Amino acid sequence: MADNLDPSLRNIIEQDSLNWIFVGGKGGVGKTTTSCCLSVQLAKVRPNVLIVSTDPAHNLSDAFGQKFGKEPMKVNGFDNLFC
């Protein structure tokens, strides 16, 4: 059995085998903020990061200050972060 890891940002960032991260919860708990912050941190250590939202409110566009559509686009200021 694998050792239990502390629930920390460092442990998420350092997991090389981690391919998918899902952020969920009730409305207003900070899912978009958490997802955006996590994607920025992952983009610092991964070759490519894609953040996807199923929220029809387009909150990712608000968070990153740019318009996103149905096709992945680079997030301004990043070469490897796509939304």
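Values below: all heavy atoms of this structure, side chains included; hydrogens, waters and symmetry mates excluded. For clarity, every value in this text was computed on a predicted model and none was experimentally measured.
The list of salt bridge (charged side-chain N to carboxylate O under 4.0 Å, His left out) pairs with a residue in residues 67-83, not counting sequence neighbours, is empty. For residues 42-55, the set of pairs meeting the side chain to side chain donor-acceptor pair (under 3.5 Å) definition, not counting sequence neighbours, comprises Asp55-Asn59.
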Take Phe64 and Ser39 through the test side-chain contact (heavy atoms from CB on, under 4.5 Å) and record every step on the way to the result. CA-CA 11 Å; Phe64 286 115; Ser39 69; 3.9 Å; yes
Please list, one pair per line, the donor and acceptor atoms closer than 3.5 Å that link side chains of residues 15-27 to other protein atoms, with sequence neighbours excluded.
none

Which pairs of donor and acceptor atoms, one on a side chain in residues 5-12, lie under 3.5 Å apart (sequence neighbours left out)?
from  : atom 1 : to    : atom 2 : distance (Å)
Ser8  : OG     : Asn11 : N      : 3.2
Ser8  : OG     : Asn11 : ND2    : 3.3
Asn11 : ND2    : Asp6  : O      : 2.6

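Scored by the side-chain contact (heavy atoms from CB on, under 4.5 Å) test, Thr33 finds Cys37 as partners (sequence neighbours excluded). Ala63 meets the side-chain contact (heavy atoms from CB on, under 4.5 Å) test with Thr32, Cys36; sequence neighbours excluded.
Note: the hydrophobic cluster containing Val45 also contains Phe78 (ILVMFWY, side chain heavy atoms under 4.5 Å, direct or indirect links). Side-chain heavy atoms closer than 4.5 Å link hydrophobic residues (I, L, V, M, F, W, Y) into clusters, and following such links, even through other members, never connects Phe82 to Leu60.
Contact detail for Val75 and Cys83: the closest heavy-atom pair is CG2-CB, 3.9 Å.
With respect to Leu81, the side chain to side chain contact (heavy atoms under 4.5 Å, CB included) criterion is satisfied by exactly one of Leu50, Asn76, Val40, Leu42: Val40.
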